[in-house]
Chemist: 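I'd like to ask some things about the structure below.
All of these numbers come straight from a predicted model, not from anything done at the bench. A, B, ... follow the sequence lines: proteins, then strands. Residue 1 opens every chain.
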Amino acid sequence: MDQKYLQLNEDKIKPLKPEFFYRDPLDVAYDLIGKLLIKTGQNPLIVRLVEVEAYRGKKDPASHAYKGVTKRNKIMFQEPGHLYVYFNYGMYWLANVVCHKEKNEAGAVLLRAAIPLIGIEQMRQARRKHNPKVTIKSLTNGPGKLCQALGIDKSHYGEFLAVKKGYENKFLLASDCTKPKDVIQTGRIGIKKASDLPWRFCVKDCEWVS
DNA sequence: TTATTGATGGTCT
DNA sequence: GACCATCAATAAG
């Protein structure tokens with residue numbers, strides 16, 4: 001893994017524009033590797049995404065949007081760039097970014113793992129509530145853990161992640177111009193349907209990948 | 001180091 | 001009532 005992933009290129013942080021998310025989830029997923037997820041506020045938290053999965057809506061049997069609109073998944077059919085948060089296995093919140101190309105389509109990218117960069121002590125405290133033995137690697141090396149570290153739950157369903165005039169972001173996706181050159185593509189994990197499709201992206205040889 | 005299992009509750013049929 | 005886009009503790013090697 002490129003050591004540059006471990007540092008924040010603070011001077012070059014640029015929020016993503018809404019257009020970024022108006023594309024096929026597969027393209028968005030690839031491009032999200034190396035990007036920053038920021039919890040804004042007085043004590044910001046910043047992590048660098050190193051593992052994501054694309055869920056491609058109606059054409060993807062593993063996608064929550066496969067069978068059409070429900071109360072839970074409706075955000076996936078709406079404006080790209082919003083957070084789709086859902087509860088899984090009776091215990092964990094999982095965070096996705098809504099993205100799709102055309103109106104009337106649906107899709108999302110699951111944020112699976114990240115490298116903690118800023119606010120590590122705060123993230124450690126948040127994770128300790130669930131696992132007192134948490135290590136720096138187990139801070140954010142899985143989709144449930146990532147949400148615990150960043151404090152993401154159902155109250156953040158529908159939050160917008162790009163910049164928009166007059167909107168105050170709680171979470172933000174941004175680039176610090178760290179170019180990923182060691183991204184690998186594999187089958188998605190933790191699912192039964194369509195797990196053979198290579199729609200998971202992660203950084204090669206990264207300790208935080210799940 | 002890998003494999004296995006129990007905890008746990010909303011969503012959908 | 002079955003299904004889960006998970007995790008942590010344990011056991012075995």
Chemist: Within the 4.0 Å heavy-atom criterion, would you say Arg127(A) contacts the bases, only the backbone, or no part of the nucleic acid?
Modeler: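 The residue Arg127(A) makes sugar-phosphate contact but no base contact.
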Chemist: I'd like to know if Ile152(A) and Tyr84(A) are part of one continuous hydrophobic network [Ile/Leu/Val/Met/Phe/Trp/Tyr, side-chain heavy atoms within less than 4.5 Å].
Modeler: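 No, Tyr84(A) and Ile152(A) fall in different hydrophobic clusters.
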Chemist: State whether the number of non-hydrogen atoms from other residues, nucleotides or ligands found under 6.0 Å of Tyr66(A) atom OH is greater than 12.
Modeler: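 No.
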Chemist: Under the side-chain hydrogen bond (donor to acceptor under 3.5 Å, both in side chains) rule, what do Tyr167(A) and Glu159(A) come out as? Steps first, then yes or no, please.
Modeler: CA-CA 10 Å; Tyr167(A) 178 77; Glu159(A) 289 286 332; 2.9 Å; yes
Chemist: Roughly how far, to the nearest 0.5 Å, is NZ of Lys181(A) from CE of Met1(A)?
Modeler: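 Rounded to the nearest 0.5 Å, the CE-NZ separation comes to 12.0 Å.
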Chemist: Can you pull the contact range of chain A along DNA chain C, 5' to 3', using atoms under 4.0 angstrom from its heavy atoms?
Modeler: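 That gives a stretch of dC4(C) to dA9(C).
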Chemist: Out of Phe77(A), Phe160(A), Phe21(A), which residue meets the ring-ring contact (aromatic ring centres under 6.0 Å, His included) rule with His82(A)?
Modeler: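 One option only clears the test, and that one is Phe160(A).
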Chemist: What closest approach, in Å, do Leu111(A) and Leu49(A) show between heavy atoms, and which atom pair accounts for it?
Modeler: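 Closest approach of Leu111(A) to Leu49(A), heavy atoms only: CD2-CD1, 4.0 Å.
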Chemist: At under 4.0 Å between heavy atoms, what does Phe87(A) touch on the DNA or RNA strands: base, sugar-phosphate, or nothing?
Modeler: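 Sugar-phosphate, backbone atoms only, no base.
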Chemist: Check every nucleotide of DNA chain B for an atom under 4.0 Å from a heavy-atom of chain A, then give the first and the last such nucleotide from 5' to 3'.
Modeler: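 Extent of the interface on DNA chain B: dA7(B) to dT13(B).
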Chemist: Could you note down all residue pairs passing salt bridge (charged side-chain N to carboxylate O under 4.0 Å, His left out) where residues 76-103 of chain A supplies at least one of them, sequence neighbours left out?
Modeler: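 Applying salt bridge (charged side-chain N to carboxylate O under 4.0 Å, His left out) to every pair that reaches into residues 76-103 of chain A, excluding sequence neighbours, yields Glu79(A)-Lys164(A).
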Chemist: Under 4.0 Å between a Lys/Arg side-chain N and an Asp/Glu carboxylate O for Asp60(A) and Lys193(A)?
Modeler: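 Between Lys193(A) and Asp60(A) there is no salt bridge, as every charged N stays at least 4.0 Å from the carboxylate O atoms.
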Chemist: Where does DNA chain B form stems of at least three consecutive Watson-Crick or G-U wobble pairs, each pair having both distances below 3.5 Å?
Modeler: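 Counting only runs of 3 or more consecutive pairs, the stems involving DNA chain B are B:1-7 with C:6-12, B:9-12 with C:1-4.
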Chemist: Are the charged groups of Arg23(A) and Asp31(A) less than 4.0 angstrom apart, N to O?
Modeler: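 A salt bridge links Arg23(A) with Asp31(A).
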Chemist: Can you run down the ring pair (Phe, Tyr, Trp, His ring centres under 6.0 Å) pairs that involve residues 168-210 of chain A, sequence neighbours left out, and say none if there aren't any?
Modeler: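 The answer is Tyr30(A)-Phe201(A), His156(A)-Phe171(A).
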Chemist: Is there a path of hydrophobic side-chain contacts, each under 4.5 Å between heavy atoms, that joins Leu94(A) and Leu139(A)?
Modeler: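 Leu94(A) does not cluster with Leu139(A).
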Chemist: Looking at DNA chain C, which of residues 184-197 of chain A put a heavy atom within less than 4.0 Å of it?
Modeler: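 Hits under 4.0 Å, by residue number: Gly190(A), Ile191(A), Lys193(A).
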Chemist: Check whether Tyr55(A) forms a cation-pi arrangement with Arg188(A) (NZ or CZ under 6.0 Å from the six-membered ring centre, at most 45° off the ring normal).
Modeler: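 Geometry flag: set, cation within 6.0 Å and 45°.
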Chemist: Which part of the nucleic acid, if any, lies within contact of Leu110(A), taking any heavy atom under 4.0 Å across all strands shown: a base, the sugar-phosphate backbone alone, or nothing?
Modeler: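 The answer is base, as Leu110(A) lies within the cut-off (heavy atoms under 4.0 Å) of a base atom.
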Chemist: By the 4.0 Å heavy-atom rule, please label His64(A) as base, sugar-phosphate, or nothing.
Modeler: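 Here His64(A) touches the bases of the nucleic acid.
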Chemist: Considering every strand and a 4.0 Å limit on heavy-atom distances, what is the contact class for Thr70(A): base, sugar-phosphate, or nothing?
Modeler: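 Here Thr70(A) touches the backbone only, sparing every base.
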Chemist: Tell me, with the steps shown, if Ile189(A) and Ser195(A) meet side-chain contact (heavy atoms from CB on, under 4.5 Å).
Modeler: CA-CA 7 Å; Ile189(A) 59 181; Ser195(A) 56; over 6 Å; no
